[in-house]
Number of protein chains: 2
Amino acid sequence: MTRAAASRPARERLLAAAGELFYESGIAATSVDAVLARAGVSPATMYAHFAGKDALVAAYLEQRHEVWRRTWDAVLAEREDPVERLLSLFDAVGRYRSHEGNRRGCAFLAAATELPADHPGHRWLEADTHLLVERLRTLASAAGVPDPDDAAATLLLLYDGALDRFARAATTPGLPDDDPLVRARALAATWVDAQLAGRRRT
Amino acid sequence: MTRAAASRPARERLLAAAGELFYESGIAATSVDAVLARAGVSPATMYAHFAGKDALVAAYLEQRHEVWRRTWDAVLAEREDPVERLLSLFDAVGRYRSHEGNRRGCAFLAAATELPADHPGHRWLEADTHLLVERLRTLASAAGVPDPDDAAATLLLLYDGALDRFARAATTPGLPDDDPLVRARALAATWVDAQLAGRRRT
DNA sequence: GTCTATACTCCGATAGAC
DNA sequence: GTCTATCGGAGTATAGAC
């Protein structure tokens, strides 16, 4: 019984296995063999679907990017208040994490430290940052924040901080257990309120 | 001319080479051979000083931890105002980065995503978090912040966020160029002021 | 499309001389 | 303490049959 359930197509099983192993153990530390074993796929089949490990890594990152984007879309679709829409970033992270079962930090930031500069997967790291900055800028503008660029930079800082705290908690269990997302969201809300109050006074 | 200047002892050259390569290219992606080549040291010499790659990695992390701690110590020694001492974290990061020439993010968080849970270097990742939390808690208490645990958690979040923005900037150059440390420090200062104002009113 | 078996490179670590 | 030379194993990728 070395094979996984072969009901789903091989490509799908490979991506699922890669998603778990790359995220849990790191990309460089995960061998192709390990992915093959978990997916229950032979080497030749994998190389029929992906040009090599680099291509598999890129597909893994693309998959995460798409799921994350759709998760945020879904949360946004539930919000009407402009400020709530701006702060939806933190709610979307919470939903993404609970849905995907992510215990560690941000897969894209982890990949950024592991991949060489010319790796094909780099495209998705840039796409992640681009999505965050552009969307935050647009939402901040719609919410009436005076300086949308400034708002995007501030919320991105709080977002990164919250995700890194998850990574820290994974290595050092003895930390205070409060939810970094709640903290980051609260700080963001306070900051946005101050910005809007400043605008009203001006 | 494949050898580096052999003036310094081999162990020192190995640590210097490891410090550059592990940080720039990642730990798992850096082979022992690459470290040996840059240090101008033969394999046998390295294994006379370090039990293996894991031990070299642990020594690399210990070295970074010590330098970082001393840098923060030096900045703290220059500050007398309790609030300035609490915020010195961000100034210390700035000095550490300019001194060490770090263009990427936090070496400890990067290592946390790369190293398996039982790696000997894990001790220094915990030491890093422990130093941050304990020191921030003590400094916050001295500054008269009502809830020192809360303050430590908030400043740690801003600290992590700033460091991650550096990692992001390394992968996506098209971002707004402002200094994340300045932003994080400003947010921290505002938060601390609000805490102190709240205490005075209470 | 998928498998078994294998080629070949690179890595981490060691043996033994000086 | 330091070197040269090399071993054993793991890793990525391919060949060829079904």
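Proteins come first, then strands; the chains are lettered A, B, ... in the order of their sequence lines, and each starts at number 1. Computed from a prediction, not measured in an experiment: that's the story for all the values here.
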Asks: Rounded to the Å, how far apart are B:Asp33 CG and D:dG11 P?
Replies: 17 Å

Asks: Hey, could you give me each pair passing side chain to side chain donor-acceptor pair (under 3.5 Å) that has a residue in residues 19-37 of chain A? Not counting sequence neighbours.
Replies: A:Glu20-A:Arg38

Asks: Could you identify which residues of residues 44-55 of chain B place a heavy atom less than 4.0 Å from some atom of DNA chain C, listed by residue number, or say none?
Replies: B:Ala44, B:Tyr47, B:Gly52, B:Lys53

Asks: Could you work out, with side-chain hydrogen bond (donor to acceptor under 3.5 Å, both in side chains) as the rule, every residue matching B:Asp150, not counting sequence neighbours?
Replies: A:Arg183

Asks: Under 4.0 Å, counting only non-hydrogen atoms across every strand here, what does B:Ser31 touch: a base, just sugar-phosphate, or nothing?
Replies: sugar-phosphate

Asks: Would you mind listing every salt bridge (Lys or Arg N to Asp or Glu O under 4.0 Å) that reaches into residues 127-146 of chain A, with sequence neighbours excluded?
Replies: A:Asp73-A:Arg135, A:Asp128-B:Arg168, A:Glu134-A:Arg137, A:Arg137-A:Asp149

Asks: Between C1' on C:dG12 and CZ on B:Phe22, what's the gap in Å once rounded to a whole number?
Replies: 12 Å

Asks: Between A:Arg123 and A:Glu126, is there a side-chain N and carboxylate O pair less than 4.0 Å apart?
Replies: no

Asks: Please state how far atom CG in B:Leu21 lies from atom P in C:dG12, giving the value in whole angstrom units.
Replies: 12 Å

Asks: Rounded to the Å, how far apart are B:Arg11 CZ and D:dT2 C1'?
Replies: 16 Å

Asks: With sequence neighbours excluded, tell me which residues meet salt bridge (Lys or Arg N to Asp or Glu O under 4.0 Å) with A:Glu78.
Replies: A:Arg95

Asks: Once side chain to side chain donor-acceptor pair (under 3.5 Å) is applied, what residue pairs with a partner in residues 49-60 of chain B remain, sequence neighbours excluded?
Replies: B:Asp54-B:His119

Asks: Could you check how far CG of B:Leu36 sits from P of C:dA13, rounded to whole Å?
Replies: 11 Å

